[in-house]
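Notes to accompany the following structure.
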Amino acid sequence: MQQDGAAIPWHQDSMYWPLEPLEVVSFWLALDNATLDNGGMRMVNFTGLPKIRGNNLPVVQDEEDASQTLSQYIPDEYIPEEAIVQHSLLTGQASFHDAYIPHSSPSYHSTSRGCAWIVRYIPRHSRLVPGKR
């Protein structure tokens, strides 16, 4: 059966979490094979873009564009092509990423399902900060 998935634009999870200190790790477990053909993630690691460690990149706020999966996204100009790593995972494989790691997924039209289980680890000493965004 044909599966259609919307693109997830470049973003950092850290933009969405009003936590102090912001110490969050995401665990991404592939329940199906994850490739670019069915929604696998692209990431930029700290080595490829060291200035992101502990920092958010500039974002565009686009609440009017209903085609965007996220209303805040990082423009492509801030993501160096040579720093992009494609995460292709087989069923049962997993990856971890820090809240400041930029990541995205392209739109796809595939006969292969792409499903993942995502868990966030936030340590007990991190606190929600009301009004912080």
Side-chain angles (χ1 to χ4, degrees):
M1 179 191 314
Q2 179 75 19
Q3 305 275 329
D4 295 323
I8 307 292
W10 286 107
H11 67 283
Q12 292 167 290
D13 294 338
S14 55
M15 293 189 294
Y16 299 98
W17 296 333
L19 298 171
E20 285 186 7
L22 183 56
E23 296 174 353
V24 179
V25 174
S26 294
F27 170 75
W28 201 92
L29 174 67
L31 299 179
D32 297 312
N33 291 341
T35 67
L36 271 183
D37 294 335
N38 67 347
M41 279 194 295
R42 297 174 295 181
M43 295 182 162
V44 174
N45 60 29
F46 289 138
T47 305
L49 194 60
K51 70 180 181 181
I52 61 174
R53 188 179 295 277
N55 296 296
N56 286 322
L57 292 171
V59 296
V60 172
Q61 182 76 31
D62 193 359
E63 294 180 24
E64 300 298 318
D65 186 353
S67 69
Q68 287 291 338
T69 305
L70 302 172
S71 62
Q72 291 182 7
Y73 61 93
I74 301 167
D76 289 342
E77 65 198 66
Y78 293 102
I79 306 294
E81 192 69 35
E82 65 277 4
I84 297 172
V85 176
Q86 169 60 40
H87 260 60
S88 293
L89 300 174
L90 298 175
T91 301
Q93 290 182 324
S95 71
F96 291 88
H97 67 274
D98 181 87
Y100 289 101
I101 294 288
H103 55 285
S104 70
S105 296
S107 61
Y108 65 91
H109 309 285
S110 174
T111 56
S112 299
R113 185 181 82 154
C115 187
W117 183 57
I118 302 166
V119 176
R120 313 277 193 236
Y121 172 76
I122 302 170
R124 291 179 62 146
H125 64 268
S126 288
R127 299 284 181 248
L128 282 173
V129 179
K132 182 179 178 182
R133 220 24 200 143

* Asked: Would you say Phe96 and Trp17 are hydrophobically clustered, going by side-chain heavy atoms of ILVMFWY under 4.5 Å?
  -> no

* Asked: Side chains of Gln12 and His103: is there a donor and an acceptor less than 3.5 Å apart?
  -> no

* Connected via hydrophobic side-chain network under 4.5 Å: Leu89 and Ile118 -> yes

* Structure fact -> Correct closest heavy-atom pair for Val44 and Ile52 would be O-CD1, 4.1 Å

* Asked: Are Val119 and Tyr121 connected, step by step, through hydrophobic side chains (Ile, Leu, Val, Met, Phe, Trp, Tyr) whose heavy atoms are closer than 4.5 Å?
  -> no

* Which pair of heavy atoms, one from Gly40 and one from Ser105, lies closest together, and at what distance? -> O-OG, 3.7 Å

* Asked: So, do Val59 and Leu57 sit near enough that their side-chain heavy atoms are less than 4.5 Å apart?
  -> no

Residues 74-83 side chain polar contacts: donor-acceptor under 3.5 Å, at least two apart:
none

* Excluding sequence neighbours, so at least two apart, what forms side chain to side chain donor-acceptor pair (under 3.5 Å) with Thr91? -> Asn33

* **Min side-chain heavy-atom separation Asp13-Tyr100 under 4.5 Å** => no

* **ILVMFWY cluster, Tyr16 and Val24 together (side-chain gap under 4.5 Å)** => yes

* Supply the atom-to-atom distance Phe46 CZ to Asp98 CG, rounded to the nearest 0.5 angstrom. => 4.0 Å

* Quick one: pull up CG in Leu19 and CD1 in Ile122 and give me the separation to the nearest 0.5 Å. => 5.0 Å

* To do: Measure the spacing between CG of Leu29 and CH2 of Trp117 and express it to the nearest 0.5 Å.
  => 7.0 Å

* Check His125 against Pro21 and note the closest heavy-atom contact, atom names and distance. => CD2-CG, 3.6 Å

* Asked: How many angstroms lie between atom CD of Gln61 and atom OH of Tyr73, to the nearest 0.5 angstrom?
  -> 10.0 Å

* To do: Sequence neighbours left out, what passes side chain to side chain contact (heavy atoms under 4.5 Å, CB included) with Val85? Give chain and number order.
  => Asn45, His87

* Examine Leu128 and Leu22 and state if one hydrophobic cluster contains both, with Ile, Leu, Val, Met, Phe, Trp and Tyr joined whenever side-chain heavy atoms are less than 4.5 Å apart. => yes

* Residues in side chain to side chain donor-acceptor pair (under 3.5 Å) contact with Arg120, at least two apart in sequence or another chain -> Ser26

* Those residues that, when tested against Ser14, pass side chain to side chain donor-acceptor pair (under 3.5 Å) (two or more places apart) -> Asn56

* So which pairs with a foot in residues 27-36 pass salt bridge (charged side-chain N to carboxylate O under 4.0 Å, His left out), sequence neighbours left out? -> Asp32-Arg113

* Asked: To the nearest 0.5 Å, what is the distance between OG (Ser104) and CE (Met43)?
  -> 9.5 Å

* Rounded distance [0.5 Å steps], CZ in Arg42 versus OG in Ser88 -> 12.0 Å

